[in-house]
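What follows is a single structure, written as structure tokens, with notes after it.
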2 protein chains.
Amino acid sequence: MSLPHAILTALLEKPSSGLDLTRRFDKSIGYFWSATHQQIYRELGKLEAEGFIRALPTEQPARGQRKSYEVLPAGRAELQRWTAAAQDPKPHRDALLLRLRAAAVVGTAGLETDLRRHLDLHRRQLAEYEEIEKRDFPPGNDSAQARLQHLVLRAGIELETFWIQWLTEALEELPEPAEQAS
Amino acid sequence: MSLPHAILTALLEKPSSGLDLTRRFDKSIGYFWSATHQQIYRELGKLEAEGFIRALPTEQPARGQRKSYEVLPAGRAELQRWTAAAQDPKPHRDALLLRLRAAAVVGTAGLETDLRRHLDLHRRQLAEYEEIEKRDFPPGNDSAQARLQHLVLRAGIELETFWIQWLTEALEELPEPAEQAS
DNA sequence: GCTCATTGTGCAACTAGTTGCATAATCCGT
DNA sequence: ACGGATTATGCAACTAGTTGCACAATGAGC
């Protein structure tokens, strides 16, 4: 149950419309909590109904009309509560590791191409993170807020670094063109 | 759509009943693809209907009666197909990173306890993985199958190591008892 | 002024995963 | 032999997330 809180966080950082949020999810919060625009619109409706946010009273609220939201005090309180509450880590699900495990049984034929593709995707993601780091966290900025945000970004950087290294190892492990392990 | 393939993999490693599978998911495959017993029973039904597995013909198939399944050739073929098929990485969702990001906005009050708890959980998981590594992958076993399985286990070990290190850093970053960052 | 691509909001239907409970068989102590 | 814990299977209802589509408003080209 984290999507509403992801949205509250984003809205506190900056009041936004549904589409703004969708865009920001694609390039920031979405790195560790992705959401589609439909999820976001639905959730905005719920959050408004619960009194956690409200639409900024601008013009006509017709279809195809931007509607911006801001967080109300109750919303901030809820986010604070959620942040401090104990939460069990969700069980992980990683299809790639599962595939390697399956490959140990049915053979690695055909795997290499996709592993290389994943390696490439992770390299791009890492580059993107490093770009953000250079841009948003130059040395010397040490407000509490910046330090926490930087910490989160570094988690992303280190995870990508891990995957790149692991995939490289995995590719070395793969046998020549064809082999069957069963 | 990976659960059926996780089950096929597990059944290829060893034909099992629903409960056997549930147990094995808890201590092996489930480390990177968790599933509850209900998911497993439902999926076993589907896989049987699709002709990928069949119940081992033993005794009465009544309720409360063990029923074991084995993989049929079609099931193995399907697993092979899936293993080789290209798959996009699913977007990650990590509630803990999200919380840290929220904490950057609403303050870190109350976070420390739960971070310590997570740190502890990751330490235990790492210990468990290392135990398995010592037991199942002693130096010198170099069959293709063992090397791949070991590779997967090492991913688990390195990920836990990462989280332990990152959480340690995060805890250092937290200010004394109370502070507000908004 | 009209048409067409783009922007922005949203509904509906679906898939995957979770939670809570029901029920049958078996095993174990008495 | 009976009663309660444990083992084993499963249904039903729910929550979260995804996919596909509909439709209004806006702006740009002609």
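Order of the sequence lines sets the chain letters (A, B, ...), proteins ahead of strands, with each chain counted from 1. Because the structure is predicted, anything quoted here is derived from the model rather than measured.
For the salt bridge (Lys or Arg N to Asp or Glu O under 4.0 Å) condition, the pairs that include at least one residue of residues 9-37 of chain B, sequence neighbours left out, are A:R101-B:E13, B:E13-B:R24, B:D20-B:R66. Annotation: salt bridge (Lys or Arg N to Asp or Glu O under 4.0 Å) contacts involving residues 148-164 of chain A, sequence neighbours excluded, comprise A:R154-B:E169. The salt bridge (Lys or Arg N to Asp or Glu O under 4.0 Å) contacts involving residues 126-137 of chain B comprise nothing, where partners must be two or more places apart or lie in separate chains.
For the contact set between residues 25-41 of chain A and DNA chain C, defined by any heavy atom under 4.0 Å, the members are A:H37, A:Q38, A:Y41. At a non-hydrogen distance threshold of 4.0 Å, B:R93 from residues 89-101 of chain B come into contact with DNA chain D.
Side-chain contact check for A:I7 versus A:F25: some heavy-atom pair is nearer than 4.5 Å.
Counting distance only, with no hydrogens placed and no angle test, the side-chain atoms of B:R42 and the base atoms of D:dT9 include no donor-acceptor pair under 3.5 Å.
Between B:H150 and B:F137, a ring centre-to-centre spacing shorter than 6.0 Å is recorded. Aromatic pair A:Y31/A:Y129: centroids less than 6.0 angstrom apart.
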Which pairs would a plain distance check flag for residues 113-121 of chain B, meaning a side-chain donor or acceptor within less than 3.5 Å of a matching protein atom at least two apart in sequence or in another chain?
from: B:D114; atom 1: OD1; to: B:R117; atom 2: NE; distance (Å): 2.9
from: B:D114; atom 1: OD1; to: B:R117; atom 2: NH2; distance (Å): 2.9
from: B:D114; atom 1: OD2; to: A:Q87; atom 2: N; distance (Å): 3.1
from: B:D114; atom 1: OD2; to: B:R99; atom 2: NH1; distance (Å): 2.7
from: B:D114; atom 1: OD2; to: B:R99; atom 2: NH2; distance (Å): 3.1
from: B:R116; atom 1: NE; to: B:E112; atom 2: OE2; distance (Å): 3.2
from: B:R116; atom 1: NH2; to: B:E112; atom 2: OE2; distance (Å): 2.6
from: B:R117; atom 1: NH1; to: A:D88; atom 2: OD1; distance (Å): 2.8
from: B:R117; atom 1: NH2; to: A:Q87; atom 2: O; distance (Å): 3.0
from: B:R117; atom 1: NH2; to: A:D88; atom 2: OD1; distance (Å): 3.3
from: B:H118; atom 1: NE2; to: A:Q87; atom 2: O; distance (Å): 2.8
from: B:D120; atom 1: OD2; to: B:R124; atom 2: NE; distance (Å): 3.1
from: B:D120; atom 1: OD2; to: B:R124; atom 2: NH2; distance (Å): 3.0

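When rounded to the nearest whole Å, the span between NZ of A:K46 and P of C:dC11 equals 12 Å. Atom-to-atom, CG of B:L21 to P of D:dT7 comes out at 17 Å; the value is rounded to the nearest Å. Look at CE on A:M1: it is 13 Å from P on C:dT19, rounded to the nearest Å. Across the protein-nucleic acid pair, A:E43 atom CD and D:dG17 atom C1' stand 11 Å apart, rounded to whole Å. Summarising the geometry, the separation between CD1 on B:I7 and P on C:dG17 is reported as 10 Å, rounded to the nearest angstrom.
Looking only at distances, no side-chain donor or acceptor of B:T108 sits under 3.5 Å from a matching main-chain atom of B:L111.
For A:L3 and B:D20, each mapped to the nucleotide of DNA chain D holding its nearest heavy atom, the one lying further toward the 5' end belongs to B:D20.
Taking a cutoff of 4.0 Å between a charged side-chain nitrogen and a carboxylate oxygen, B:R54 and B:E70 qualify as a salt bridge.
Residue contacts shown for B:S17 are limited to sugar-phosphate atoms, with no base heavy atom under 4.0 Å away.
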